[in-house]
Amino acid sequence: QVHLVESGGGSVQAGGSLGLSCALSGYTYNLHSMAWFRQAPGKEREGVAAIGRLGDFTYYADSVKGRFTISQDSAKNTVYLQMNSLKPEDSGMYFCAAAQSWVGGTWYFEGWYNYWGQGTQVTVSS
């Protein structure tokens with residue numbers, strides 16, 4: 001079993017920055033892909049960014065390219081999402097997800113992901 005715990009959410013004004021963390025525990029050796037998703041009230045959950053556990057890929061949603069950066073620290077078994085130049089439309093619950101598959105170009109498909117965290121709230125005010 002794998003457990004994911006997100007942290008780092010909060011409230012910030014537009015233009016500000018926040019950094020999210022996702023700590024992995026349990027049997028993580030067969031995980032190949034990690035991702036961040038988000039869900040705003042009344043909207044479907046959407047992919048934000050993904051990274052290969054071997055450092056072989058990173059992908060971003062068009063809406064966050066150039067503002068968000070996904071990274072990882074393998075020694076700490078932690079995945080990060082640095083969010084800069086935040087906009088009110090970035091508000092929502094942010095979820096960390098892990099996949100046993102190599103998700104590649106279809107990283108945004110939720111069905112790939114076997115494990116999910118409980119989420120951390122991000123609120124961006126105008």
Side-chain angles (χ1 to χ4, degrees):
Q1 186 66 305
V2 174
H3 297 281
L4 309 177
V5 179
E6 303 96 335
S7 62
S11 297
V12 66
Q13 289 192 326
S17 298
L18 279 175
L20 305 182
S21 298
C22 173
L24 289 75
S25 62
Y27 191 80
T28 63
Y29 302 102
N30 62 344
L31 298 178
H32 285 81
S33 309
M34 299 293 302
W36 288 95
F37 285 76
R38 68 186 181 189
Q39 186 169 24
K43 294 188 177 181
E44 292 187 353
R45 191 157 53 184
E46 62 176 357
V48 175
I51 187 167
R53 293 267 288 170
L54 298 179
D56 46 344
F57 66 82
T58 54
Y59 291 104
Y60 296 92
D62 288 344
S63 59
V64 307
K65 280 181 182 176
R67 300 187 299 121
F68 290 14
T69 303
I70 189 170
S71 62
Q72 62 187 344
D73 185 331
S74 298
K76 295 183 178 179
N77 234 355
T78 301
V79 179
Y80 305 97
L81 185 69
Q82 179 62 38
M83 306 183 293
N84 298 327
S85 301
L86 283 162
K87 304 175 181 180
E89 52 263 43
D90 293 319
S91 297
M93 187 70 77
Y94 281 68
F95 299 90
C96 181
Q100 295 171 344
S101 305
W102 183 86
V103 300
T106 56
W107 63 275
Y108 47 82
F109 177 55
E110 292 186 38
W112 287 129
Y113 299 90
N114 309 95
Y115 306 100
W116 293 81
Q118 293 299 306
T120 185
Q121 180 67 37
V122 171
T123 303
V124 184
S125 58
S126 57

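These figures come from a predicted structure and were not determined experimentally. The residues of the chain are indexed from 1 along the displayed sequence.
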Interatomic distance, [X] atom [atom1] to [Y] atom [atom2] [nearest 0.5 angstrom]:
X: Leu86; Y: Ser126; atom1: CG; atom2: OG; value: 13.0 Å
X: Asp73; Y: Thr78; atom1: CG; atom2: OG1; value: 6.5 Å
X: Tyr59; Y: Thr106; atom1: OH; atom2: OG1; value: 8.5 Å
X: Gln72; Y: Tyr80; atom1: CD; atom2: OH; value: 10.0 Å

Give the minimum heavy-atom separation between [X] and [Y], together with the two atoms involved.
X: Phe57; Y: Ser33; answer: CZ-OG, 3.6 Å
X: Ala98; Y: Leu4; answer: N-CD1, 3.8 Å
X: Ser125; Y: Pro88; answer: C-CG, 4.5 Å
X: Ala49; Y: Tyr60; answer: CB-CD2, 3.7 Å
X: Gln1; Y: His3; answer: CG-NE2, 3.8 Å
X: Ile70; Y: Met34; answer: CD1-O, 4.3 Å

Student check: side-chain heavy atoms of Thr28 and Asn77 closer than 4.5 Å: yes
Partners meeting ring pair (Phe, Tyr, Trp, His ring centres under 6.0 Å) with Phe95 (sequence neighbours left out): none
Side chain to side chain contact (heavy atoms under 4.5 Å, CB included) between Val122 and Asp90, intermediate numbers included: CA-CA 8 Å; Val122 171; Asp90 293 319; 5.5 Å; no
Which residues share a side chain to side chain donor-acceptor pair (under 3.5 Å) with Glu46, sequence neighbours left out: Arg38
Asp62: side chain to side chain donor-acceptor pair (under 3.5 Å) partners, not counting sequence neighbours: Lys65
Phe109 and Trp112 aromatic ring geometry - parallel, tilted or perpendicular at 30°/60° bounds: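 Trp112 and Phe109: perpendicular rings.
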Should [X] and [Y] be counted in the same cluster of Ile, Leu, Val, Met, Phe, Trp and Tyr side chains packed under 4.5 Å apart?
X: Leu31; Y: Trp102; result: no
X: Ile51; Y: Val103; result: no
X: Tyr94; Y: Tyr115; result: yes
X: Trp116; Y: Leu81; result: no
X: Tyr108; Y: Met93; result: yes

Output a table of donor-acceptor pairs, distance under 3.5 Å, between side-chain atoms of residues 5-19 and any protein atom two or more places apart or on a different chain; print 'none' if there are none.
from, atom 1, to, atom 2, distance (Å)
Glu6, OE1, Gln118, N, 3.1
Glu6, OE1, Gly119, N, 2.9
Glu6, OE2, Cys96, N, 2.8
Glu6, OE2, Gly119, N, 3.2
Ser17, OG, Asn84, OD1, 2.9

Listed partners of Ala35 passing side chain to side chain contact (heavy atoms under 4.5 Å, CB included), at least two apart: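 Side chain to side chain contact (heavy atoms under 4.5 Å, CB included) list for Ala35, sorted by chain: Phe37, Ala50, Tyr113.
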Sole candidate of Val48, Leu20, Val64 that passes side-chain contact (heavy atoms from CB on, under 4.5 Å) when paired with Met83: Leu20
Residues which pass salt bridge (charged side-chain N to carboxylate O under 4.0 Å, His left out) with Arg53, listed by chain and number, not counting sequence neighbours: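 None.
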